[in-house]
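First the structure, in the form of structure tokens, and then the observations on it.
This structure is a prediction, so every number in the text was calculated from the model and none was measured. Numbers restart at 1 for each chain; the letters A, B, ... are given by sequence-line order, proteins then strands.
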Amino acid sequence: EAGVTQFPSHSVIEKGQTVTLRCDPISGHDNLYWYRRVMGKEIKFLLHFVKESKQDESGMPNNRFLAERTGGTYSTLKVQPAELEDSGVYFCASRPRGWNTDTQYFGPGTRLTVL
Amino acid sequence: AQSVTQLDSQVPVFEEAPVELRCNYSSSVSVYLFWYVQYPNQGLQLLLKYLSGSTLVESINGFEAEFNKSQTSFHLRKPSVHISDTAEYFCAVSVRAGGGNKLTFGTGTQLKVEL
């Protein structure tokens with residue numbers, strides 16, 4: 001079974017540009033999460049999808065971030081326009097539906113550098 | 001809200017020595033507890049978790065953690081480490097009821113095993 005994949009693995013952009021990160025969850029996993037780790041700090045929750053619906057987007061930093069999950073499969077996270085403080089590693093995780101399915105499976109992350 | 005504290009950002013240890021990585025949490029509601037590990041150039045992997053029952057939980061590679069409710073701790077231990085245990089370790093919690101299973105992480109502890 002393929003794990004969670006993320007693309008690209010690295011992205012270097014200039015301040016003011018737009019970047020789109022992609023996450024492909026494990027097939028059949030209804031729950032999809034985005035997290036971010038700014039250098040030296042903790043991994044922070046951004047948002048949670050259940051299928052194509054945003055269940056919780058309380059961690060999104062501001063309206064420069066837009067997440068979508070059309071069709072309930074892969075998800076994209078767009079940052080527009082990017083700022084210096086957006087640099088960090090963006091992780092995606094997925095989890096199957098069910099009351100006894102507490103484990104999230106993480107992708108390798110996308111390292112974003114904004115210059 | 002929940003918070004997780006990992007006081008040790010780096011822990012150097014010699015191979016075959018014991019190690020303890022500390023984790024304390026704060027929460028007004030009951031939580032699940034997790035340890036995730038990130039090996040170099042890889043994504044986060046679940047190491048072990050405490051949901052209920054026995055307060056001592058073990059992983060397949062010799063790590064164990066004990067949930068201590070009175071001290072709100074979930075320290076990770078291994079009696080004899082190996083070079084291959086070099087990685088970053090993250091303690092995390094999620095609320096038991098509601099919350100969508102989103103994880104709150106500590107800042108991570110870099111374990112470096114030396115010969």
Side-chain angles (χ1 to χ4, degrees), chain A residues 2-7 9-10 21 23-26 29-51 53-60 67 69 88-111, chain B residues 1-10 21-27 30-53 57 59-60 67 74 87-110:
Chain A
V4 177
T5 58
Q6 293 186 245
F7 183 83
S9 57
H10 293 84
L21 313 181
C23 168
D24 286 78
I26 293 172
H29 282 196
D30 286 349
N31 294 277
L32 187 149
Y33 304 80
W34 283 99
Y35 294 86
R36 175 175 74 171
R37 188 184 193 196
V38 172
M39 186 179 294
K41 298 196 174 181
E42 71 271 29
I43 300 169
K44 280 195 170 180
F45 167 82
L46 296 178
L47 87 159
H48 171 207
F49 283 100
V50 177
K51 296 186 178 179
S53 299
K54 292 177 185 175
Q55 184 77 10
D56 181 355
E57 50 184 330
S58 61
M60 295 287 264
R69 193 182 182 196
V89 180
Y90 290 76
F91 292 102
C92 174
S94 71
R95 179 176 67 84
R97 183 177 57 177
W99 64 272
N100 196 28
T101 57
D102 47 270
T103 300
Q104 295 182 26
Y105 299 85
F106 281 78
T110 294
R111 182 174 296 277
Chain B
Q2 296 72 46
S3 67
V4 177
T5 301
Q6 293 180 252
L7 287 174
D8 304 308
S9 58
Q10 294 186 36
L21 306 184
R22 295 179 293 168
C23 172
N24 288 85
Y25 70 93
S26 173
S27 177
S30 294
V31 294
Y32 298 130
L33 296 145
F34 305 83
W35 276 99
Y36 278 84
V37 58
Q38 185 178 24
Y39 298 103
N41 302 314
Q42 295 186 31
L44 282 79
Q45 302 173 31
L46 180 67
L47 186 61
L48 48 75
K49 61 186 178 184
Y50 172 76
L51 305 181
S52 63
V57 290
S59 72
I60 58 172
F67 169 54
F74 191 53
E88 191 159 18
Y89 293 78
F90 296 91
C91 183
V93 302
S94 68
V95 297
R96 286 179 173 269
N101 288 86
K102 68 182 178 185
L103 294 166
T104 299
F105 286 90
T107 49
T109 297
Q110 183 68 49

Separation between SG (B/Cys91) and CD (A/Glu42), nearest 0.5 Å, reads 12.5 Å
Need one label for B/Gln6: side chain, backbone, both or neither, based on atoms under 4.5 Å from any heavy atom in chain A. neither
Of the backbone (N, CA, C, O) and the side chain (C-beta and beyond), which part of B/Leu44 lies under 4.5 Å from a heavy atom of chain A, both, or neither? both
Side chains of B/Asn101 and A/Arg95 in contact at under 4.5 Å (non-hydrogen atoms): yes
Do B/Gln45 and A/Tyr105 have side-chain heavy atoms sitting under 4.5 Å apart? no
Go through it in stages, so that I can follow the logic: the residues are A/Phe106 and B/Gln42, the test is side chain to side chain contact (heavy atoms under 4.5 Å, CB included), and I'd like the CA-CA distance, side-chain angles, deciding distance and then a yes or no. CA-CA 10 Å; A/Phe106 281 78; B/Gln42 295 186 31; over 6 Å; no
For a 4.5 angstrom cut-off between non-hydrogen side-chain atoms, does A/Ser58 reach B/Lys102? yes
Centroid-centroid under 6.0 Å between A/Tyr35 and B/Phe105 rings: yes
Starting from the C-alpha separation in whole Å, work towards a yes-or-no answer on side chain to side chain donor-acceptor pair (under 3.5 Å) for A/Lys41 and B/Thr107. CA-CA 5 Å; A/Lys41 298 196 174 181; B/Thr107 49; over 6 Å; no
Residue part contacting chain A, namely of B/Glu88, when any heavy atom lies under 4.5 Å: side chain
Non-neighbouring partners of B/Tyr25 that pass ring-ring contact (aromatic ring centres under 6.0 Å, His included), sequence neighbours left out: none
Between B/Phe90 and A/Arg37, is there a side-chain heavy-atom distance shorter than 4.5 Å? yes
Please tell me if the side chains of B/Leu103 and A/Tyr33 come closer than 4.5 Å, counting only heavy atoms from C-beta onward. no
Other residues, nucleotides, ligands: >12 heavy atoms within 6.0 Å of B/Tyr39 OH: yes
Rounded to the nearest 0.5 Å, what separates atom OH in B/Tyr36 from atom CD1 in A/Ile43? 10.0 Å
Not counting sequence neighbours, which residues clear ring-ring contact (aromatic ring centres under 6.0 Å, His included) with B/Tyr50? List them please. B/Phe67
